[in-house]
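These numbers were taken from a predicted model, which means no experiment stands behind them. Sequence positions, counted from 1, serve as the residue numbers for this chain. Whatever order the structure lists them in is the order used to number ligands and atoms, beginning at 1.
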Amino acid sequence: MSAQPQNKPHSRPVKRARRITAPQITARKGNEPVVCLTAYDAPTAEIIDDHVDLILVGDSLGMVVHGLPSTVGVTLEMMILHGKAVMRGSKTAMVVVDLPFGSYEASKEQAFGSASRVMMETGCQAVKIESGIYAADTIEYLVTRGIPVMSHVGLRPQSMHVLGGFKARGRTAAIADEIVANAIAAARAGSFAVVVEGVSEELADLVTEAVDIPTIGIGASAKCDGQILVTPDMLGQFARVPKFVKKYGNQLEATREAVLQYAAEVKARSFPGEANLYHFKTDAS
Ligand code: KIV
């Protein structure tokens, strides 16, 4: 009898021939959940490429890669540099790059300039903007000019100084109404999907029912049309992470242990060992 394929959660998915597109993500509304993760470099993008539908080059890179206190200091140049690396490392996941703070809010023309530069220089397929009713004109302007837009409502980290920090949003009726209205406006303006971050589960479910595009939850609800996490957070690279993060690995401990062992072996002169050494060749070459 031939062996049955195992249905392990970590089994490799069917190979895809080409990159997933924005319309394919939109078509997942109410269907199979959309699996998304962030990446900022080529090796990580290569590892996750086959296993996710969408890779976000998030401006969270300011905090998790560059050690900034928030995403406010991230520049367009940083996003382009990391966007290029992720495009080089991935082949079939859809790649979306965040427009950073200050690169799109002044006018729709400014947004088009930044978004077109990101797409032309990185080769990514879409941009993400933190958005709402106030950004509907910008989203429509970008989409009608060939730039797919992913929106981001709820906790908007670029507005942390207005919101008063990184606290969960939408836990009172007034703010909940505002967030639902923001998501509806972003969807009507032509976004292909909307990230819903840091809101009550009840509100996330209301948003998912209210819009006809996929909701991608982070600190939201399992009933969203997809989920995203910041990859270093879910790999356990940091001791402290937000409540909504589940750690699927313990990279912090694994790295510490490896470095500790390396340091001990260097001090004991047991590294490099025979397997890591070159020797004179015996012939004349
Ligand atoms: O910047 C980012 O990584 C994000 C995700 C948290 C959605 O916007």
Inset, instruction - State plainly whether one hydrophobic cluster holds both Leu206 and Val194, where clusters connect Ile, Leu, Val, Met, Phe, Trp and Tyr through side-chain heavy atoms under 4.5 angstrom apart. - result: yes
Inset, instruction - Examine Tyr40 against ligand 1 and note whether any of their N/O atoms are separated by less than 3.5 Å. - result: no
Legend entry - Enumerated ligand 1 atoms positioned under 4.0 Å from heavy atoms of Gly58: 1 (O), 2 (C), 3 (O)
Inset, instruction - Check each atom of ligand 1 against the heavy atoms of Thr38 and keep those under 4.0 Å away; list them by number with element. - result: 3 (O)
Legend entry - Numbered atoms and elements of ligand 1 in range of Asp98, under 4.0 angstrom, heavy atoms: 1 (O), 2 (C), 8 (O)
Inset, instruction - Identify, for atom 3 (O) of ligand 1, the protein heavy atom at the shortest distance, and state residue, atom and that distance. - result: Ser60 OG, 2.5 Å
Legend entry - Under 3.5 Å: N/O of Lys128 near N/O of ligand 1: yes
Legend entry - His152 neighbourhood, listing ligand 1 atoms whose heavy-atom distance to it stays under 4.0 Å: 8 (O)
Legend entry - Heavy-atom proximity to atom 6 (C) of ligand 1, best of Ile218, Val196, Ile228, Leu56: Ile218
Inset, instruction - Give the intermediate values and the outcome of side chain to side chain contact (heavy atoms under 4.5 Å, CB included) for residues Asp225 and Arg28. - result: CA-CA 7 Å; Asp225 300 295; Arg28 298 273 284 273; over 6 Å; no
Inset, instruction - Using distance alone, determine whether Asp59 and ligand 1 share an N or O pair under 3.5 Å. - result: yes
Legend entry - Nearest atoms (heavy-atom pairs only) where Gly58 meets Asp98: CA-OD2, 3.2 Å
Legend entry - Side chain to side chain, Leu54 and Met150, heavy atoms closer than 4.5 Å: yes
Inset, instruction - Start with the C-alpha distance between His66 and His82, add both sets of side-chain angles, then the distance that settles side chain to side chain contact (heavy atoms under 4.5 Å, CB included), and finish with yes or no. - result: CA-CA 11 Å; His66 292 272; His82 289 278; 2.9 Å; yes
Legend entry - Set of side chain to side chain donor-acceptor pair (under 3.5 Å) partners for Asp233, sequence neighbours left out: none
Inset, instruction - For Phe271, check side-chain contact (heavy atoms from CB on, under 4.5 Å) against everything at least two apart and list the hits. - result: Tyr262, Glu265, Val266, Asn276
